[in-house]
Every structure is written in structure tokens, then in C-alpha cells.
There are 2 protein chains.
Amino acid sequence: MKKKITLKQIARELDVSISTVSKALRDSVEISEDTRQKVQAFAKLYNYRPNNIALSLKNRKTKTIGVIIPEIVHHFFSKVIRGIELVANKRGYNVIIGLSNESFDKEVINLQMLANGSIDGFILSIAKETLQQQDYHHFKETINQGMPIVMFDRIVNDIHCDKVIIDDVKGSKKAVSKLLSNGCKNVAIITTKDYVSVGKLRTQGYLEALEDYRITPDTDLILKVDDELVSEDHLESLEKEIEGLFHTNKNIDGVFAVNELYAIIAMKVARNLGMKIPDEIQFIGFTDGVLSKHATPSLTTVNQHGQDMGEKAAGLLIDNLEREAEEEQYTTIVIETELVERNSTK
Amino acid sequence: MKKKITLKQIARELDVSISTVSKALRDSVEISEDTRQKVQAFAKLYNYRPNNIALSLKNRKTKTIGVIIPEIVHHFFSKVIRGIELVANKRGYNVIIGLSNESFDKEVINLQMLANGSIDGFILSIAKETLQQQDYHHFKETINQGMPIVMFDRIVNDIHCDKVIIDDVKGSKKAVSKLLSNGCKNVAIITTKDYVSVGKLRTQGYLEALEDYRITPDTDLILKVDDELVSEDHLESLEKEIEGLFHTNKNIDGVFAVNELYAIIAMKVARNLGMKIPDEIQFIGFTDGVLSKHATPSLTTVNQHGQDMGEKAAGLLIDNLEREAEEEQYTTIVIETELVERNSTK
DNA sequence: TGTCAACACGAAAACGTTTTCGCTAAAAAT
DNA sequence: ATTTTTAGCGAAAACGTTTTCGTGTTGACA
């Protein structure tokens, strides 16, 4: 086992100084053709590679970006990561990930662990618990220390940083309008409690679409699911809730759900109740994932372009990192959503 | 914007030496109660945190583990990552990820990028292209340089390192036996080309199960799918192939697929052909993911316990990193698979 | 008064780089 | 023959830590 070789060792071996070795390897004109070749040959032989940590320390940048997401076993988030990784690597950066597991504490810890020099900047999406507690001091502090942050998807407005979001209102409006223009008269929405920013916005889009069609919203048709229900195996209670929705509102002929899973489960409940999809009832879900594509019937969805979001976020961050001037000009990129029509709608 | 503060700055500000500050912060007995309090108060005020990079350089370890996986938008791999992240964080390590995208070159590049001091050890699953080319010199070199590697799932036997695998043969044998004991007489398998190690092993398990039941394997019932087919939207041709399988073998009453997607698609084709699941034909897929759980009918699967694999892998690696002695004793952990029975089998 | 611990602190090395500056010797210019 | 230039190389600082090894000052004790 030959340990990694260092400049010092090469220098000693070749009986020159460390500086000479360093310069020779970087093809400096200061070094004679002779020694340059000698050093380079030796370095290649021993497979020399400069130590990244030493470089990071010297240059005071790590060429690494930290990503903190609430959950990784999740189609959307893993797509975002893929996007981030893609452009990060292309531009010579590594990606280090932290999972908050939707917990405030873990988010704070992750932020602190990485902010101590390990990375050059953050890309993150806020944990639910954090959104609920509305405590954002850790983000502010991090930014204050000169560490740039790019937020995506789950953001909060009063934090000053770059952001990549989709137009949730517009996206869900598009979806609900589709249902309405397809002839649905009684469209229900399955959404989350309001503290989840995207849930709230998507509910708003639902309401706006109804307004466009001059339909008075019926609160009975708005099902706000408590998120605890979805954690692991409480899915049955979610089913029960949706069943209740269908029972008390026999006339529902369209359902818009703020995520894929809610939509799939709703479809399942409807099917079990003997409703024909899409003839008697139509479904659209937010977020396009594997489930939608391979469900039966396949689910019409609002595609968030997760990978694109990741790419854009990484682009913003790296641009910021490599910008000379210190203009504190923050951008918010809005990614267009796209309605992916499948067989759950007419 | 107050930049991160260093020991040197604290020292200058308090008019003591750097060493004093360092010791004071670490509660050294060398330092008087007075100065200790003074320094600690100042440090807290300015929110001092030791620079990780400097520590890494000094200690010659980064407390970071590198993970290289072929793909992240993938239920199994993201579960593994979650497991890795879980125990890594618990034991004070960070996780940095690289995606090979199933490409040999990207795998090599990732390995090299991270091996230069950025991390203390690797956890990885081999890219398909690498398996195909059977070129493993980059792994060997990395290990040779003293960088430990733990391989999981897609491994190769003649590399000397820790491994975490499942017993693919046993797992698929279990699945196929289930089909046979459920009364299936003609069980088909949908598998991959042989260079994918797990595909090969799962095929072997299939054959062994048949043998146990004294059934002569029928090559017509073995469909080896070329992986190119599955990349993105070539799914239709996969459907066609499966359709062909059913057409030329009208008597198929059981299907075992080496992954979730193949199984789901096969079910879809069968349903379109008017077969009743599970009455006329039963299905089992390898790898338990979201699709299986929420498909209709829900799919019986062989659960690989991805998160568990990740946890075990991280445990192995960190144990190795923190072990004093240099005993080159490599372990292979075999994770038990579990048959998750759902509605696609009787 | 002189010796010795105990106490409190600082200097410096080390981790592995890159880079600035200086130095020496030879070559060129005067 | 003397000065200037230039080529080729090395010393040292810097990045931010931790830690070992001094070193000076005190107080106690003989």
C-alpha cells in the first residue's frame, strides 16, 4: 500500500525544494526544461494529485456546495439533486448533502456542520417543521456570515437570497382550469395545512380557477390533510378521510390533489367506490413522479421540472460564488410548470 | 456582514496568543479561570466555530464519506443514501455524493475527484458500464492508496474490500418458490442481460426454484431485456417484448421480474390482455418501491431493505476508519430479503 | 535568601499547498 | 573589467488549527 504522495516527498526524493516541485508541475517558466520533465515524470509515476483539503485551506474555498433537503426518498427531491449535481460537476464543484428529515433541529445542525468551512454555499429547501415554527434565524445568520444560500421550492419570502421556485398558484390554476374546461362541475381539492407554503399557494390557485369560472367555492370540497397522516403507514386514515369526502359530496366529478400520492390514493378510493375514471370523475395531481406515470389509469399531473430547478439553483449559486463584485442583487427564477396529460382526465 | 472569525482574530482582539485562545476554548487546565471565561465569552459573542478545513488538514481526516451511486432518481438508491446519511451523521460524518450515471468514465472521474483528500472512504455501487467492461483498476488503485471502500448491491467479487449485499439467489428463489407453491405451473422471468451481476444471480435463483419443484426450465419463459430499452421512453418496446412473451406462451400463470418496473409493466400488459390478477396470473417483483405499494393491484415484492444496507455499509466503513490496527480483514454482510406479500399473488 | 513547584501563557511546528520575494551564478551588456 | 540582466532555484509566508515544549512569574518552603 503506497500512501498518497506529497510535494514534500517528491522534493526530498528528487533533492529539490518544494517550491520547485510545485512550479515544475504547473509548468512555470521559472523552472528549467530539465527539472520540469524530471519532476513531472516522477509525479506521474507516483500518481501525484494535489491534496484538495490543503488547496481549500489555501484558497479559502472548497469548490463544494452543500445541499440540504427535507427528504431524499422522494422523486422530486432526487430529481433536483440530479440537476444540481449535473451542473455542479460540470463547473468543477462537488455536492455534499444533508437531510433535515423535515426537522427543524436537524436542519439547524446540518447548516452549522457545513457552514464551518466545509462548503462555499448552500442550496436548500425548507423543512416542514421550520415552516411551521417560522423560525428562520439560522438562515439569516448563515447569509450574514457571507455564505450564500439558494432556496428552492419551499422558500420563505422575507429571507434575502436567490430563489428558484415554480409558480404554484399558476400551476394549480392551470390544472383546475383544465378540469373545469373538461366539464367538471364539482372539483374538490386535497391539500395540506396552510403552513406548508406550497400547499397554501396551490389552494389559492384552485380558488382562482374557480373564480374564473364563476363558481363559488364550497368549503366541503376542500380537504386539508394533516401531514402526520401521510407519515409512513397512516395512509389508511388518509383513505378514510378521502372516502368521507366522496360520501358527503356525491356529486364530485373532479379532484385536484397537491401532490402525486394524494391523487393516487384518491383515485384508488374512487375506483373502489365504483366510479369510472375519467368518465365520471377526473383527477390531476401536482408533481410528476413515477407513480403518476405507471398508475392505472396513468395520472395527469403538473410537472415541476425538478431537475431543471436543480440545474438553475446550482447555476445561480455558482454564478454568485464566482462573481467578483459584491452586488447584493438577488434573483428569483420562476420555472414554468407543464401539464402532463395522461389518462385520468378526458 | 461579519465574516467568520478565526482564532487569530480573537487572539489579537483579546491581546493573548493563538494557543491561549485555542486552549481556553477547549477548557484546558493550563489556562486561568479568568482568561478562559473571557475568551469563551468573546467566542460565543462572535459565534466562533473552528474551521473544518483547517481541522481536516491538521488531522489528516475529513470526517466525510464519499458515496458514488449510478443513479439517484431511484427508490432503492435513495433509500440506501438515507441509511448512510443516518448513521454517518450519528457518528459525526458528512456525506458527499457523486453520480456515475451508469457511466464508467464518470465513475472514474468521481473516484479521482474525491480521493484527493476530500473524503476518508468510499461507499459505492458499481455502474453498469463498468460491470460490462469489467475494468476495475480504479477501485484497486484507490484501495491501494489506503482509501477504504465499501461496496453494496452491485459488487464484484475479486476486489478486496468490505461488501454489503443481499442474497440475490436466495431472494429470487424465495419469490419464485412462492409462485410455485401458490400453484403456478408456468412461471416466466423477466430479467436483464447477464453482465448485470444482480440480474444474473436472480435468474439463477429462478432456475434453482424450478429445480426444487422438478420443473425443466423453458428458455421461452426467460426474457432477458436489454437495458437500453428501459432508458427513458423506450418503455413501449419493453411492453411489446412482454406482449410477445405472453403471446407465444399462452399458458404463463406466474411472472417474476427482477425489478419493480418490469413487474409493473408486465402487470399492465397482462391486464390489457384481459388476464385476471392474481386469479389467472400472479406477479412478484424484486426490489420494493413506491410503485409496488401503490400499484393496482399492489405488487408482491422482494424487499431489499435499502436503508438497512446503507446503514450497514456506513457502519462498516466508519468502523474501518476508526479502527486502530491495520488488520486487513474484510467483511461481507448479507442482508436478508423479505417477501412483502400484496395483492398480485394469491 | 535561595530553591523549587505550580501556574499561566507563548512560540513554533505541523498538516500540504501556492506564491512572492530573494539569492546565486552565469551570461550579456557596457 | 565591471556592471547589468537573466535563468533557475530556494526560503518563507500564508491559510486555521492543535499540541508540544519551553519560559517567566509567583508563592511556598527550607
With distance as the sole criterion, is a donor-acceptor pair present between the side chains of [X] and [Y] under 3.5 Å?
X	Y	result
A:Glu107	A:Asn101	no
A:Asn94	A:Glu85	no
B:Lys4	B:Asn47	no
A:Ser19	A:Ser22	no
A:Thr20	A:Ser17	yes
B:Gln307	B:Glu311	yes

Reading DNA chain C from 5' onward, which residue's closest nucleotide shows up sooner: B:Thr20 or A:Leu55?
B:Thr20
Does anything in residues 119-154 of chain A pair up under ring-ring contact (aromatic ring centres under 6.0 Å, His included), and if so which pairs, sequence neighbours excluded?
A:Phe104-A:His138
Note: chain B reaches DNA chain D at heavy-atom distances under 4.0 Å over the stretch, first to last nt, 5' to 3', of D:dC15 to D:dC21
Under 4.0 angstrom, heavy atoms only, what part of the nucleic acid is B:Thr6 near: base, sugar-phosphate, or nothing?
sugar-phosphate
Has A:Asp162 got a side-chain atom pairing as donor or acceptor with A:Thr331's backbone, closer than 3.5 angstrom?
yes
Please list, in numerical order, the residues of residues 32-53 of chain A that have a heavy atom closer than 4.0 Å to any atom of DNA chain D.
A:Ser32, A:Thr35
Which residues in residues 111-122 of chain B have at least one heavy atom lying under 4.0 Å from any atom of DNA chain D?
none
Could you list, one pair per line, each protein nitrogen or oxygen that sits under 3.5 Å from a nitrogen or oxygen of nucleotides 20-25 of chain C, together with the distance?
{"unit_1": "C:dT20", "atom_1": "O4", "unit_2": "A:Lys23", "atom_2": "NZ", "d": "3.3"}

If the helix axis at each end comes from five base pairs, how far does the helix from C:dT1-D:dA30 to C:dT30-D:dA1 deviate from straight, to 10°?
80°
